[in-house]
Undergrad: 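Structure in structure tokens, see below.
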Amino acid sequence: ASDFVKLYFDADSKENIETYLKGEKLKYIENKEYFEIEIPSVIVARDMIVKNGELFEDFEVVKGKMDTSLITLTFE
């Protein structure tokens, strides 16, 4: 199962964050207040945060569950 980073944005940071996500070819979904970025592990999240701290001012790291994998397989 994948893990996720919820990276919250405001009007000033949204464009820079989206440019970063596209440049890194990361799989993400845009929600009303945050980007939900799919990552293979929390170690990847740590590395992203350390390397790009200026973009990661407000975020959550969410551990994926097997239910998430099952739903993804079922609906693809």
Side-chain angles (χ1 to χ4, degrees):
S2 296
D3 297 326
F4 300 90
V5 174
K6 289 182 179 181
L7 181 52
Y8 294 86
F9 58 80
D10 58 24
D12 296 330
S13 64
K14 182 179 178 184
E15 185 177 335
N16 289 339
I17 292 171
E18 193 160 24
T19 298
Y20 164 74
L21 297 174
K22 288 178 179 179
E24 294 293 317
K25 298 183 172 113
L26 295 168
K27 187 174 180 182
Y28 67 93
I29 297 170
E30 182 179 339
N31 291 288
K32 184 178 178 182
E33 299 175 334
Y34 61 88
F35 292 106
E36 184 174 79
I37 309 160
E38 185 174 343
I39 54 172
S41 71
V42 294
I43 294 170
V44 171
R46 180 200 62 201
D47 293 344
M48 287 171 49
I49 294 162
V50 169
K51 290 179 185 174
N52 304 284
E54 71 282 355
L55 296 176
F56 285 80
E57 292 181 10
D58 191 6
F59 64 90
E60 294 177 57
V61 178
V62 181
K63 294 286 292 170
K65 300 177 181 146
M66 288 306 294
D67 291 348
T68 306
S69 297
L70 181 60
I71 291 169
T72 300
L73 289 173
T74 304
F75 291 105
E76 281 189 354

Undergrad: Let me check something: do Y8 and I37 share a hydrophobic cluster, defined by ILVMFWY side-chain heavy atoms less than 4.5 Å apart, either directly or through other members?
TA: no
Undergrad: Any link between V61 and Y34 through a network of hydrophobic side chains (Ile, Leu, Val, Met, Phe, Trp, Tyr) touching at under 4.5 Å?
TA: no
Undergrad: Please report the interatomic distance CD(E38) to NZ(K27), rounded to the nearest 0.5 Å.
TA: 4.5 Å
Undergrad: For the atom pair CD (E18) and CG (L26), what is the distance rounded to the nearest 0.5 Å?
TA: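 It comes to 12.0 Å.
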Undergrad: In Å, rounded to the nearest 0.5 Å, how long is the span from CZ of F4 to CD1 of I39?
TA: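 Answer for the CZ-CD1 pair, F4 versus I39, is 9.0 Å.
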Undergrad: Please determine whether residues F59 and L55 belong to a single hydrophobic cluster, defined as Ile, Leu, Val, Met, Phe, Trp and Tyr linked transitively by side-chain heavy-atom distances below 4.5 Å.
TA: yes
Undergrad: Between S13 and N16, do the side chains contain an N or O donor and an N or O acceptor separated by less than 3.5 Å?
TA: no
Undergrad: Are M48 and Y20 close enough that some pair of their side-chain heavy atoms sits under 4.5 Å apart?
TA: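 M48 vs Y20: side chains touch.
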Undergrad: Do other residues, nucleotides or ligands put more than 12 heavy atoms under 6.0 Å from the CD atom of E54?
TA: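 Yes.
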Undergrad: Measuring from I17:CD1 to E57:CD, what's the distance to the nearest 0.5 Å?
TA: 8.0 Å
Undergrad: Can you tell me how far the NZ atom of K14 sits from the CD atom of E33, to the nearest 0.5 Å?
TA: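 Reported to 0.5 Å precision, the distance equals 11.5 Å.
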Undergrad: Side chains of L7 and Y28: closer than 4.5 Å at any heavy-atom pair?
TA: no
Undergrad: Indicate yes or no: at least one non-hydrogen side-chain atom of R46 is less than 4.5 angstrom from one of I43.
TA: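 Counting from C-beta outward, R46 and I43 do come under 4.5 Å.
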Undergrad: Work out which heavy atom in P40 is nearest to a heavy atom in D3; give both atom names and the distance.
TA: O-OD2, 4.1 Å
Undergrad: On the 0 to 90° scale, with breaks at 30° and 60°, tag the F9-F35 ring pair as parallel, tilted or perpendicular.
TA: tilted
